[in-house]
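Just passing along the structure, written as structure tokens.
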Amino acid sequence: MDLPKVYNPKDNEAKIYDLWELSGCFKPSGKGKTFSMVLPPNNANGNPHMGHAYTLAIHDIAMRYHRMKGEKVLFIPGTDHAGFETQVVFERQLEKEGKSRFDFNREELYSLIYDFVQMNKINTENNLKKFGGSFDWSTNIFSLDKKVVDSAYSRFKKMWDQGLIYRGERLVNYCTFHGTGFADYEVEFKEEQGHLWYINYPVTNSKEFIKIATTRPETLLGDTAVAVNPKDKRFEGLIGKTVKLPITGREVPIIADEFVDPKFGTGAVKITPAHDPNDYEAAQRHSLPFITVIDLTGKITHEMPEDFRGLDVVHARKKVVEAIDSLGLLSKTEDYRHSVGHCYKCKTIIQPLLKEQWFIDMKPLAKEAIKVLEDKKIKFYPDSKRNQLIGYLNQLRDWNISRQISWGIPIPAFQNEENPDDWIFSDRVGQELIEVDNKTFRRDPDVFDTWFSSSSWPYVALDFPNGQNFNDFYPLSLMDTGGEILFPWVSRMIMLSLYETGQIPFKEVYIHGYVLAEDGAKMSKSLGNVINPMEVLDKYGSDALRMGMIAGRVAGVNRGYDTRKVEDARNFCNKIWNIARFCQDKAITIDIDTPEPESIADNWILNRLESVQNSIDNDLGNYLFGEAYEKLYHFIWDDFADWYIEASKVHQNDSVLGYTLKKCLQMLHPYAPFLTEAIWQSFMANTKQSILAITILKKGIKADASKSKEFDTLINQVIEIRNISNNLKLKMKTLNIASSSQDEMHNKLLIKLARINKITNNKIYEGIKLTTFEEPALIVVDQKTKLDYSNNLDAKIKERETSLHNLEQRISNSSYLEKAPKQLVQDTKNNIDSIKQELTSLKQDLNQINN
RNA sequence: GGACCCUUAGCUCAGUUGGCUAGAGCGCUUCCUUGACGUGGAAGAGGUCAGAGGUUCAAGUCCUCUAGGGUCCACCA
């Protein structure tokens with residue numbers, strides 16, 4: 001025998017991947033329908049996690065399934081430079097070496113990170129191969145590839161020319177630790193225990209005060225107004241007057257604005273336009289000045305009163321409160337829980353700061369995206385994500401695409417040294433200074449938000465506008481991502497693809513849930529519950545990892561990682577391996593398209609195969625990966641191995657056995673590509689050269705229904721006999737059947753499968769009567785054993801009687817007869833009849849025993 | 001303040017458009033060294049489908065409410 005007793009993935013996986021890669025079998029071929037996917041680019045900055053393994057499994061199952069349907073399939077791998085994310089990872093590494101980003105200039109840092117990313121990129125690509133990804137590697141794409149950068153630049157220019165991109169001083173989410181601005185989706189809001197301070201602002205030339213409530217007293221240094229609701233009677237006389245700000249004594253107006261909620265706090269709000277988004281907008285409506293209190297390092301600026309200059313926010317807050325208190329203007333302090341924005345990486349509190357940045361006006365883009373989503377031009381699994389996305393797009397604000405970091409695609413814009421408002425586009429980003437029309441322009445030091453470039457992934461990966469792949473495969477068939485990037489990525493791919501190509505980027509979106517840790521918590525390094533997929537792969541094999549991830553998972557739902565599922569999948573691999581060993585031992589060939597069924601078992605397994613294949617086909621068409629897996633699992637293990645192969649030991653049919661194994665390998669291939677290919681190769685070694693991955697899975701064959709039904713009957717008979725003999729601990733079994741008319745093969749199968757010693761045809765009626773035989777049949781036992789069995793019989797009769805009662809109640813309901821489908825009513829009637837028959841027989845049997 | 005998801009066997013979870021006796025894996029009990037496989041084979045035990053109400057001939061499945069767990073969104077000072 002060629003195959004070792006236990007399947008060892010390590011013997012095969014690398015070899016098999018090489019075979020695929022060298023043969024070029026994952027290049028698109030064929031002329032039929034197309035199916036295409038682009039892998040969400042893995043961040044080339046670290047080790048893979050379970051989410052990568054899971055995402056890849058989903059992708060690759062879909063790809064291999066469609067490829068084996070004979071479709072023309074394109075599967076594009078890729079990696080992302082992951083700008084800010086990578087810089088953070090790299091800085092942590094620097095920190096371990098006792099260095100920081102400030103030890104290097106921009107170019108040095110870029111080049112260091114570049115090397116770091118190249119190393120990780122190669123590592124990532126190797127892992128994608130280990131996971132079995134059936135990629136066309138000639139299409140591999142990296143987010144700093146020329147085509148990606150060019151596309152970002154041309155899009156930037158087009159949008160700029162059309163007024164969709166503008167540069168302006170806006171309130172930006174700023175992380176003072178990382179020294180960069182963020183988009184809204186990079187801010188993490190968390191509930192925090194803080195205080196609400198009530199402060200009396202003295203009204204100018206009056207003994208009156210207007211009391212405001214604030215969570216950020218330090219910003220009062222930059223207040224430029226106090227606002228109240230115009231309908232709020234309490235402040236009627238005050239609107240239009242001014243107050244003298246505590247500490248600074250600056251005079252600012254009391255204004256009326258609808259945005260103020262009279263029920264909150266005191267009904268009067270201090271307005272700090274430079275540090276609060278609401279206030280910023282109010283200030284614009286009322287043409288108020290902007291005064292910056294906090295600088296980019298998170299400290300109080302030097303324009304502020306001397307006592308506070310250079311203090312960080314926490315200390316400044318304390319000192320301001322003290323100062324106000326000593327002025328007698330602090331009315332009261334309350335504990336207060338509110339939500340505060342944090343940097344999603346370092347958890348530093350995000351400061352809303354005024355800063356010049358590049359923004360994209362999202363309204364027109366979002367509008368188009370909402371339209372295609374509302375028209376259901378893109379199908380979502382699960383559908384609820386579509387509505388979530390619409391909700392997100394509806395409230396989307398302008399997108400800050402500037403990042404003040406060195407790792408990323410430089411923004412191709414230059415500023416006139418003489419005139420700060422004069423900006424021009426140029427892709428000469430390699431130079432810091434350029435000359436245009438005798439004027440010197442300086443390059444914007446910022447880089448793009450990573451999502452600005454990766455949003456073009458679907459069409460750039462396909463070489464828009466003129467590439468063959470773009471012609472053949474756009475829009476992509478399916479996009480699968482985790483829920484966490486639905487907003488930053490999926491939404492932007494839709495918007496930017498619509499903008500650039502005028503078409504949707506993909507027809508369907510599958511959102512998978514997170515792979516949580518085994519305890520149900522999020523996997524995170526700080527919790528120490530991270531499971532490395534490469535270690536799992538090493539221990540159980542790539543196929544087991546894939547199947548273990550897929551088993552029991554459903555679109556959009558988070559689920560803990562479960563070692564037991566991977567173990568179970570590993571066992572399953574071994575099962576198939578041994579089925580193959582059995583077949584090889586029997587000198588079976590599998591290159592068979594037209595099996596020749598003879599026995600009832602042959603016909604049965606072919607019919608089962610046909611029906612399971614259809615069912616799986618239907619599931620995979622609807623991306624029910626877990627369901628299809630389970631069906632395949634049970635077909636192969638229960639039907640094929642436990643019934644058909646066992647029956648084969650009685651009578652072997654080479655063509656049906658070989659055909660069934662072939663179909664199993666093909667159907668299972670998307671789930672367990674390495675194992676099935678290894679088996680395939682071992683069978684094909686002596687015949688013709690072929691690769692399982694690119695074979696076409698043909699439709700199943702329908703066999704003789706009545707023969708296959710007879711095997712179903714046989715199965716029931718075997719189960720009944722096994723049940724009785726297990727119950728009574730029978731070692732030796734004689735089956736007595738009244739007539740000898742039963743087919744000889746049927747008897748042989750009964751003997752083998754039910755482990756009967758012999759079958760007799762005596763007229764003497766003695767023993768335990770069987771209910772699954774048409775003619776009288778019984779297991780021969782002595783009187784004592786029979787008495788032992790009467791209790792079981794009693795229980796069985798009771799259970800049947802309950803069923804009968806339930807069914808009879810249903811049938812006696814006239815509404816049921818009227819309204820339920822006729823077939824269902826008929827089935828119920830048939831069921832009642834058969835239960836009645838069974839009961840009669842059971843009762844007879846019981847009588848016999850008791851007499 | 002919105003939106004969504006989850007609650008089914010000891011554990012982890014399936015259950016598509018309502019349909020007859022609610023499934024799987026693992027675990028558990030009993031048995032089997034049968035010539036592909038002990039990462040195996042056979043037979044079992046185990047569930048008032050979170051609770052309440054409603055729609056229906058029929059509800060785990062649809063609707064409403066309640067309780068518990070989770071996620072996301074939102075500029076309430």
Side-chain angles (χ1 to χ4, degrees), chain A residues 1 3 5-7 171 184-185 189 196 212-216 227 259-261 263-266 268-272 276-281 336 338-339 341 352 382 384-385 387-388 391-392 395 397 483-484 486-487 513-514 518 520 540 544 551-554 556-565 567-586 618-619 622 624 626-627 630 633-634 641-642 645-646 649 718-719 722-727 729 752-755 799 802-803 806-807 810 813-821 823-825 827-828 831:
Chain A
M1 190 167 300
L3 305 174
K5 202 166 169 178
V6 171
Y7 173 62
L171 216 48
D184 293 336
Y185 50 73
F189 281 91
L196 196 56
I212 59 93
T214 180
T215 54
R216 301 197 57 187
F259 96 96
V260 181
D261 176 5
K263 289 193 284 291
F264 187 90
T266 62
V269 192
K270 63 193 270 314
I271 300 291
T272 321
D276 181 280
N278 265 327
D279 297 0
Y280 177 86
E281 282 170 19
Y336 184 64
H338 60 142
S339 114
S384 59
K385 300 290 175 187
N387 286 327
Q388 270 184 39
Y392 172 74
Q395 56 79 40
R397 298 187 304 164
E484 76 279 12
L486 180 65
F487 296 152
Y514 301 110
E518 289 192 271
Y540 297 102
R553 276 178 196 271
V554 160
V557 180
N558 301 341
R559 191 83 62 219
Y561 168 79
D562 193 344
T563 312
R564 295 174 307 184
K565 292 225 189 300
E567 254 172 51
D568 182 43
R570 188 268 322 261
N571 296 352
F572 182 44
C573 289
N574 198 50
K575 189 74 192 175
I576 299 148
W577 185 253
N578 278 288
I579 290 172
R581 286 181 73 227
F582 175 82
C583 291
Q584 218 166 61
D585 193 29
K586 307 286 179 208
N618 185 49
D619 288 344
N622 291 301
L624 298 169
E627 292 227 346
E630 204 169 305
Y633 178 95
H634 288 289
D642 290 344
I645 288 189
E646 288 309 310
K649 291 173 182 174
V718 169
I719 288 173
R722 282 172 178 172
N723 184 332
I724 292 169
S725 50
N726 249 300
N727 240 311
K729 315 249 182 288
K752 165 79 181 165
L753 299 173
R755 307 195 60 203
E799 186 252 318
T802 312
S803 299
N806 289 341
L807 290 176
R810 181 172 306 141
N813 185 333
S814 59
S815 313
Y816 175 71
L817 293 175
E818 266 172 52
K819 293 179 183 170
Q823 185 58 48
L824 194 65
V825 175
D827 286 351
T828 309
N831 225 333

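In what follows, chains are A, B, ... by sequence order, proteins preceding strands, each numbered from 1.
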Problem set entry | Closest-nucleotide 5' rank along RNA chain B - winner of A:F259 and A:E518 | A:E518
For this session: Kindly point out which of B:G25, B:A36, B:C73 is positioned nearest to the side chain of A:H634?
Result: B:G25
Exercise. Should B:A3 form a Watson-Crick or G-U wobble pair with both distances under 3.5 Å, which nucleotide is its partner?
Worked result: B:U71
Seminar exercise, completed: A:Y633 atom OH is separated from B:G23 atom P, nearest whole Å, by 18 Å
For this session: Look at the side chain of A:E646 against the base of B:A36 and say whether a donor-acceptor pair falls under 3.5 Å; ignore hydrogens and angles.
Result: yes
For this session: Compute whether any side-chain donor of one residue and acceptor of the other, for A:T563 and A:Y540, lie under 3.5 angstrom apart.
Result: no
Seminar exercise, completed: Per atom distances to the A:D261 side chain, the nearest of B:C4, B:C76, B:C32 is B:C76
Exercise. Hey, does the side chain of A:N571 come within less than 4.0 Å of B:G40's phosphate (OP1/OP2), counting only N and O?
Worked result: yes
Give me the distances for all protein-to-nucleotides 17-20 of chain B N/O pairs that come in under 3.5 Å?
from  : atom 1 : to     : atom 2 : distance (Å)
B:C20 : N4     : A:D827 : OD2    : 2.9

For this session: Could you work out which one of B:A77, B:A36, B:U12 sits closest to the side chain of A:D562?
Result: B:U12
For this session: Test ring-ring contact (aromatic ring centres under 6.0 Å, His included) on A:F487 and A:Y392 and set out the steps.
Result: CA-CA 7 Å; A:F487 296 152; A:Y392 172 74; 4.3 Å; yes
Exercise. Any donor-acceptor pair under 3.5 Å joining the side chain of A:K5 to the base of B:C37?
Worked result: no
For this session: Identify the nucleotide, in any strand shown, that forms a Watson-Crick or G-U wobble pair with B:C28, with both distances under 3.5 Å; if there is none, say none.
Result: B:G44
For this session: Report yes or no: is there a donor-acceptor pair, N or O only, under 3.5 Å between the side chain of A:K649 and the base of B:A36?
Result: yes
For this session: Could you check whether A:E627 gets within reach of a base, just the sugar-phosphate, or nothing at all, counting any heavy atom under 4.0 Å?
Result: sugar-phosphate
Problem set entry | hbond_proxy A:R553 side chain to B:C13 base (donor-acceptor, 3.5 Å cutoff) | no
Problem set entry | Residue A:D642, side-chain atoms from C-beta onward, closest of B:G41, B:A77, B:U39 | B:G41
For this session: Answer yes or no: is there a side-chain heavy-atom contact under 4.5 Å between A:R810 and A:N813?
Result: no
For this session: Compare side-chain N and O positions of A:N387 against OP1 and OP2 of B:A3 and report whether any pair is under 4.0 Å apart.
Result: no
Exercise. Does a donor on one side chain and an acceptor on the other come within less than 3.5 Å for A:N571 and A:E567?
Worked result: no
Exercise. So what does A:K270 hit on the nucleic acid, given a heavy-atom distance under 4.0 Å: a base, only sugar-phosphate, or nothing?
Worked result: nothing
Exercise. Mapping A:A641 and A:G626 to their closest nucleotides on RNA chain B, which lands nearer the 5' end?
Worked result: A:G626
For this session: Go through B:G40, B:A24, B:A77 for me and flag the one nearest to the A:K575 side chain.
Result: B:G40
Exercise. A:R216 near the nucleic acid: base, sugar-phosphate alone, or nothing, with a heavy-atom cut-off under 4.0 Å?
Worked result: nothing
Exercise. Quick one: do the A:K270 and A:T272 side chains pair a donor with an acceptor below 3.5 Å?
Worked result: yes
Exercise. Is the side chain of A:N574 donor-acceptor paired with the backbone N or O of A:V6 at a distance under 3.5 Å, no angle test?
Worked result: no
Problem set entry | Opposite nucleotide pairing with B:U61, Watson-Crick or G-U, both atom distances under 3.5 Å | none
Exercise. A:R722 side chain N/O closer than 4.0 Å to the phosphate oxygens (OP1, OP2) of B:A43?
Worked result: yes
Problem set entry | Partner of A:F572 under ring pair (Phe, Tyr, Trp, His ring centres under 6.0 Å), chosen from A:Y7, A:Y633, A:W577 | A:Y633
Exercise. Is A:R581 close to A:Q584 at the side-chain level, that is, under 4.5 Å between some pair of heavy atoms?
Worked result: no
